[in-house]
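Computed from heavy atoms alone, side chains included, the values below leave out hydrogens, waters and symmetry copies. Residue numbering restarts at 1 for every chain, and letters A, B, ... go by the order of the sequence lines.
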Amino acid sequence: MFATASVGNERSWRTGLDAAQLEAVTAGPGPVLVIAGAGSGKTKTLAARVARLLEDGADPDRILLLTFSRRAAKEMLHRAGALTRVRTARVWGGTFHAIGNRLLREYGHALGLPASFTILDAGDASDLFGVIRTDLGLAERGRRFPRKETLVDIYSRVVNAQEPLAQVLKERFPWCEQEADGIRDTFAAYLERKAELSVLDYDDILLYWRALVTDSHLDARFDHVLVDEYQDTNVLQADVVAGLVPDGRGLFVVGDDAQAIYGFRAASSANMIGFPERFPSTALVRLERNYRSVQPVLDVANAVLADAKGIFDKELRAVRVEHHAARPTMGQLADESSEAQFVCDRVLDHRERGVALRDQAVLFRTGHHSARLEIELARRNVPFVKYGGLKVLETAHVKDLVAFLRLLENPSDELAWHRVLALLDGVGPASVRRVIEHLALPDAAALRRFVDGGAPVPKRSGADLDVLRATFAACLAPAGDGEPLGPAQEIEAIRITAAPLFEQRYPDAAVRLEDLHQLEGVAASSGSRAAFLADVTLDPPTLTSDLAGPPLLDDDYLILSTIHSAKGGEWDVVFLIHASDGNVPSDMSLSTQEGLEEERRLLYVAVTRARDELYVTYPLRYYHRPRQLDDAHTYGQVSRFLQPHRSLFEQHVEAQPDSLRRSEITGGPDRVRASVAALWS
DNA sequence: TGTAACTCCCCTCCG
DNA sequence: GGGAGTTACA
């Protein structure tokens, strides 16, 4: 359908490209490294490159486009499709994890991987570490063995950065160093248990994929590999890429070291900086003209980056000529409620003046920073979608549902049994263990036997047990015509039959069951149960149903997003809220210089999302004061990265409410007075 | 012995 | 607000 765009209006991939973009698009087969500043037409360039390759006769099934979100891949292929008559449907596009998953299902047998494996999300992985931690007797009283979440973090760091455990402990988890032996044991047990359960975690997908491209002797699967956001790849991902195209022929990567914001996931812009050395014949192209923002916005971005360390010199210059472009606004609000109201008011103002809601975005450092705003938006009936933050998969009831589905997929999945059986009133870890022993896992027929014969649970759990058996029975027994149920129908059956279990567990069961209802739609588009489970693990939909409700397709809605999830996005009007020191930079990142620098780049990413107007706001006062680790930072004061550059903003200072007593001002009255006084001195 | 109830503590970013 | 750890009860 997109191909029609070119009919009668001969649009080709060359249309509207500037010299540098054209150079990148037409550069030889590769290796090509494109260093693309913010707003320099990176997406357009990648899309045009794909279109050009297709027009030159490349086989779409042998083109791979790796991005950081499924959304980005979709958008790029959509745009490529509009630039050529060749169909883009068969081009491979997606995240490293999604593509890795797909390839491992197809070729994993070459590595001896089981045909069907399930994927552990971060929560499952930490549950497994919790079990191991207890089994090995490391959770005993009075002992300060790392928490299961910490174990996952350490493990993931070791794997993703490919650093020895001792080094990781020393540099990043010094308080765990004396437990190194125990940690080593848990890691060994973790590997064993994953193999027994036929599960892979997120890191395994990359590890096995790398093994697939480096150790096995499969012929090259792709002729062209294009990678977006290359500055945010880690060692493992860079190895995968290099393995896909060993001599770099066909490789095209795009990145911006000033936008490297995934250090916590072991990403390193060293991959990008070192690219020309790894691939000596690299053609280097720089995209430097900013087409996105007006100059006053770029002035702020440049100021933020000017103080950065270890970044190539960059000075963003606006191509757009807007003589009356306003300066960005810095809003100092009395408290979080005022901030939410301020943002709502301005959003609605802009809409009145013709800027659709979907051309506006509100960005923040962490998922819960939007809580106040979400309530205010819901109160005023302003529809919104939120990216980032809590994912549906991380909520208890959805994990329950997924556990049901995982058992239907793989009846030997012990972790899923744990979760499902724990729904029964009166059943705890001990009963679960008994049931699992009774079921004699692994056994493909275990679920059938459970439905037919029950299981040893305490007497008072009997009624609940019957509900559970009935639920599985409803999923196993095809309705009437013998056609097996699809994933959506299974969810429906679980939601309805197991409703009593959810109702006794969750006081707000009605809302949660409605969430499950919503998931039926997602499942319906996934095709198979296995595909749905992979989708929901690798590309979890964000949770929106609780307040404003999921916007209807084609509806106009405001975008709420963490800064991380906003990467690659752009909007006419951008609000950055909670821009206080301690939030941006986050107080958790202050201990190291590299952490601090990453926070600076994060702010840079946020600022450069704005086309026309930028608002940076922060509340003077938090009623629930964020914790303060030391005196090096305060809340209620604007980010240290912006403090010296206040003159680049219009100032909006809200009067303090009468109820605000001097002693209550976060950060101390003197500092606040000084920051206010700085406005007119 | 195992579960429920209670208390305390800590809270990032993502696939 | 939720998870981990501890105590009280069946």
Tell me which nucleotide among B:dC14, B:dG2, B:dG15 gets nearest to the side chain of A:S431. B:dG2
Would you classify A:G426 as touching base, sugar-phosphate or nothing, given that sugar-phosphate means primed atoms plus P, OP1 and OP2, and contacts are heavy atoms under 4.0 Å? sugar-phosphate
For the side chain of A:K148, starting at C-beta, report the closest nucleotide among B:dC13, C:dG3, C:dG2. C:dG3
Nearest whole Å is fine: how far is B:dC13 P from A:E597 CD? 21 Å
Picking from B:dC13, C:dG2, B:dG15, which would you name as closest to the side chain of A:D203? B:dG15
May A:Y262 be described as stacking on the base of B:dC14, applying a 5.5 Å centroid limit and a 30° limit on plane angle? no
Can you measure A:R434 atom CZ to B:dG2 atom P for me and round it to whole angstrom units? 7 Å
Within less than 4.0 Å of OP1 or OP2 of B:dC13, is there a side-chain N or O belonging to A:S589? no
Minimum-distance nucleotide to A:R133 side chain [options: B:dT12, B:dG15, C:dG5]: C:dG5
Scan A:F96 against the nucleic acid and name what it touches under 4.0 Å (heavy atoms): base, sugar-phosphate only, or nothing. nothing
In whole Å, what is the span from the NE2 atom of A:H369 to the C1' atom of B:dC13? 11 Å
Cation over ring face, A:R609 and A:W571, 6.0 Å, 45°: no
Interatomic distance where NZ belongs to A:K399 and P belongs to C:dG3 [whole Å]: 8 Å
Would one find a side-chain N or O of A:T537 under 4.0 angstrom from OP1 or OP2 of B:dG15? no
Taking every heavy atom of A:L236 against every heavy atom of A:D203, the minimum-distance pair comes out as CD2-O, 4.5 Å
Across every strand shown, the nucleotide meeting Watson-Crick or G-U wobble geometry with C:dC9 (both distances under 3.5 Å) is B:dG2
Has A:R193 got its NZ or CZ under 6.0 Å from the middle of the six-membered ring of A:F129, at an angle within 45 degrees of the ring axis? no
Hey, would you say the A:Y618 and A:H578 ring centroids sit under 6.0 Å apart? no
Contact class for A:D201 (heavy atom, under 4.0 Å): base, sugar-phosphate, or nothing? nothing
Does B:dC14 have OP1 or OP2 sitting under 4.0 Å from an N or O in the side chain of A:R70? no
Check every strand shown and say whether A:E149 touches a base, only sugar-phosphate, or nothing at a heavy-atom separation below 4.0 Å. sugar-phosphate
Verify the ring-centre separation between A:Y262 and A:H564: is it less than 6.0 angstrom? yes
Of A:P458 and A:E599, the one whose closest DNA chain B nucleotide lies more 5': A:P458
Pairing partner of B:dC13 (Watson-Crick or G-U wobble, both distances under 3.5 Å): none
Which listed nucleotide (B:dG15, B:dC13, B:dT12) is nearest to the side chain of A:F264? B:dC13
